[in-house]
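Report on the structure given below.
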Protein chains: 2
Amino acid sequence: MPAQKSKVTIFDVAKASGVSSSAVSYALNGKPGVSEETRAKVLDIARELGWKPNGAAQALAKARTRRIGLVLGYDPKLLAVESYMMELLSGLSAELERHDYALLLRMAVGRDAKIAIIKDWIATGSVDGLLLLNLEIGDPNVELLKGHPEMPVLALADPSLTGGLPTLSSDDAGAVDMAMRYLAELGHTRVARVAGPEALGHSYIRDAAFSQITAELGITYRCLHTDYTPESGAEATKLLLSLTPRPTAIIYDNDVMALSGLGVATGAGVSVPGELSLMSWDDSFMCTAAYPNITAMGRDVVGSGRQAAQLLLKLVDGGEVGCVEESPYQLRARASTAAPQA
Amino acid sequence: MPAQKSKVTIFDVAKASGVSSSAVSYALNGKPGVSEETRAKVLDIARELGWKPNGAAQALAKARTRRIGLVLGYDPKLLAVESYMMELLSGLSAELERHDYALLLRMAVGRDAKIAIIKDWIATGSVDGLLLLNLEIGDPNVELLKGHPEMPVLALADPSLTGGLPTLSSDDAGAVDMAMRYLAELGHTRVARVAGPEALGHSYIRDAAFSQITAELGITYRCLHTDYTPESGAEATKLLLSLTPRPTAIIYDNDVMALSGLGVATGAGVSVPGELSLMSWDDSFMCTAAYPNITAMGRDVVGSGRQAAQLLLKLVDGGEVGCVEESPYQLRARASTAAPQA
DNA sequence: TTGTAAGCGTTATCAC
DNA sequence: GTGATAACGCTTACAA
């Protein structure tokens, strides 16, 4: 029994206004084919009856779901830790909302879950397009989606990782450059970095950029990879503080690790920024809530979300999108960085 | 080898296996009406052809979308600030995933946007059920949904706010009690609270509980309402520190404000926990990343998300859910609280 | 300008 | 056990 929810259909509206269902459809969709008079009457009656199009029926007939898909990697701790994701989500769905689109969210729990979900979306037509995040090097999803040009996709990653898919990228290399020159100008010559997982695309991009620019600037550079958690950030910081000679500045790949690094330094009696300068990537409230305030490489993540939504909708509408660059990082100098003590 | 579009329909499968489309449907849905032999053959061919059910068609025929709706309030800063939301989202969608459900997310941008979205979902049948968060006092959505029993809904709020709707509630009053007794036992007699927006249901619940228990314990209590941001948390902290006599303990309604409060105190030369004890509500990585570690009232938010999903799916399946209480808060004593100096 | 009817892909109700 | 066939609600040729 196809459960009917006693909903108002266009047939009800048609009957009530004494016209055919197609006339109602034309009227409601603002399409030609009905007189203005009829249209007005139909619209009136539709509103009166509280008619709304059934989503499934519309999706079936038009092959358009008005949904954009996003797969999150399952790691509650990490997700929560990174305000990045929530900010992106905000911008994304706020912009989608303006276009009457919704966001369909699924969580990739296992190893191959992400690609399975995307395959499912392609086969079942559950979304009109999707956003690809957190690409890994040689990410299989890129190949999959290149084989399915009928599914619009926007990758948020460095162009070198997206194999020619439409891409919204950030200038991480430029930001690395900016950050290192800043520290170099302050007089730092021994800089360490607490990075994210090596497999993640943007870690990789930054790795390369850091190596190059530090070599260029004659800076001694040391990099430790972590899993982004505060614990691993603390661990890495302890290790770095035990080195001799100790680095005079540490830059963290996210703000949580920067915060916990600050805690470790403070707890160990290493004064910040007197004896140690700290910098964070991905500026957030944490950087300004911490004491001392943490210098950070920030950007407009909410804005990126909006932009991603716009580009994706353009693709859904059949438009072309190549490789777009989002608004650049800014260096937000705060109290956690200073010239190193002689 | 990957098939083209989702153009594979049950008719294709039917043709390829030499049976009718209804036989295919029965076979694929594990329903009786088809011999085991035929079933096996059909399943084989369906897999071979890469058949997947079209979501829209299935939704139309079964009046089931396999989607759960969630409306977020639009405030990117706040959303990002509260790791609560992201943790909840994680648990929620991880559990939904296990049941082959997805989360449909929309953002309420204007004043009446939330109720408009919910009305839309009810009328268009875009979701099988929805979760109601951040209830305000006398929230109009409660009335709306009580008038639409065909739309399963679970409210995450205090039962006193949900008007009899199925509810998953936390024992905030109990937690308030626990927190205040802890501070009282340490010897605190002047306690302040930096709370969230007054209109929010759980602020209200806590307000009442705090007033009652402090009166009972003979504690001088002062409460300031904020908008949850680190800035307002800092502001409130400054004000409280300027009082004479100064409170000996401050408890914050979220961890961001606690962190920024800690920064303010440290910056003002007020030692924590020596001269001032700090406590936070909603424990997160921030509390353990901060120095000193912040004592907090924590709970298993991811677990609550999972539980909410389970309850909601039970409702969707026609089950009954009354008022369920989630796992209780825990007092996680850390370094930011101590006995007040004489 | 209108109405009729054929899809869209599945599920469910029938006869056979 | 099997296969036509009618829903499901909407869009859109194609007739009238």
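So you know, we letter chains A, B, ... as the sequences are listed, proteins then strands, and number each from 1. As the structure is a prediction and not an experimental result, all values here were calculated from the model.
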Practice task
Whole angstrom is fine here: how far is it from CD1 in Ile10(B) over to C1' in dG7(C)?
Solution key: 15 Å
Practice task
Name the nucleic acid region contacted by Thr9(A), choosing base, sugar-phosphate or nothing; use a 4.0 angstrom heavy-atom cut-off, strictly under.
Solution key: sugar-phosphate
Handout entry: Residues Asp128(B) and Lys62(B) bridged, charged N to O under 4.0 Å
Key = no
Handout entry: Separation of atom CZ in Arg64(A) from atom P in dT12(D), rounded to whole Å
Key = 11 Å
Practice task
Could you tell me which non-hydrogen atom of Leu88(B) sits nearest to which non-hydrogen atom of Val301(B), and how far apart they are?
Solution key: N-CG1, 3.6 Å
Handout entry: Electrostatic pair Asp100(A):Arg66(A) at N-O distance under 4.0 angstrom
Key = no
Practice task
Could you tell me whether Arg306(B) and Glu87(B) make a salt bridge, using a distance below 4.0 angstrom between a side-chain N and a carboxylate O?
Solution key: no
Completion exercise
Expected list for residues 46-63 of chain A near DNA chain C, using heavy atoms below 4.0 Å, is Leu60(A), Ala61(A)
Problem - Phe11(A) CZ to dA6(D) C1', straight-line distance once rounded to whole Å - result: 13 Å
Problem - Any donor-acceptor pair under 3.5 Å from Arg67(B) side chain to Leu103(B) backbone - result: no
Practice task
Using a 4.0 Å heavy-atom cut-off across all strands, classify Ser22(B) as base, sugar-phosphate, or nothing.
Solution key: base
Completion exercise
Taking dT11(C), dG3(C), dG3(D) as options, the one with an atom nearest any side-chain atom of Ala23(B) is dG3(D)
Handout entry: Pair Ser35(B), Thr38(B): side-chain N/O donor-acceptor within cut-off below 3.5 Å
Key = yes
Practice task
Would you give the length of the straight line joining atom CD1 of Ile45(B) to atom CG of Asp12(B), rounded to the nearest 0.5 angstrom?
Solution key: 11.5 Å
Exercise for the section: Report which part of the nucleic acid Ser35(A) touches: base, sugar-phosphate, or nothing (heavy-atom distance under 4.0 Å, all strands). Expected result: sugar-phosphate
Handout entry: Whole angstrom value for the distance that separates P of dC10(D) from NZ of Lys7(A)
Key = 11 Å
Practice task
Indicate yes or no for a side-chain donor-acceptor contact from Ser90(A) to the backbone of Met86(A) under 3.5 Å, with no hydrogens or angles considered.
Solution key: yes
Fill in the blank from the handout: Note: contacts of residues 37-45 of chain A with DNA chain D (heavy atom, under 4.0 Å) are none
Handout entry: Rounded distance (nearest 0.5 Å) linking atom CG of Asp139(B) with atom CG of Leu132(B)
Key = 6.0 Å
Exercise for the section: Look at the side chain of Arg106(B) and the backbone N and O of Ile117(B), then say whether any donor-acceptor pair between them is shorter than 3.5 Å. Expected result: no
Problem - Distance, nearest 0.5 Å, that separates CD of Gln58(B) from CG of Asn29(B) - result: 7.0 Å
Exercise for the section: Verify the contact: side-chain N or O of Ser25(A) to OP1 or OP2 of dC10(D), cut-off strictly under 4.0 Å; return yes or no. Expected result: no
Strictly under 3.5 Å: I want the nitrogen or oxygen pairs between protein and nucleotides 14-16 of chain D, one per line.
none

Practice task
Would you indicate which nucleotide in dT11(C), dT11(D), dA4(D) comes nearest to any side-chain atom of Ser20(B)?
Solution key: dA4(D)
Handout entry: Nucleotide of dG3(D), dT12(D), dT5(D) approaching Ser21(B) most closely (side-chain heavy atoms)
Key = dT5(D)
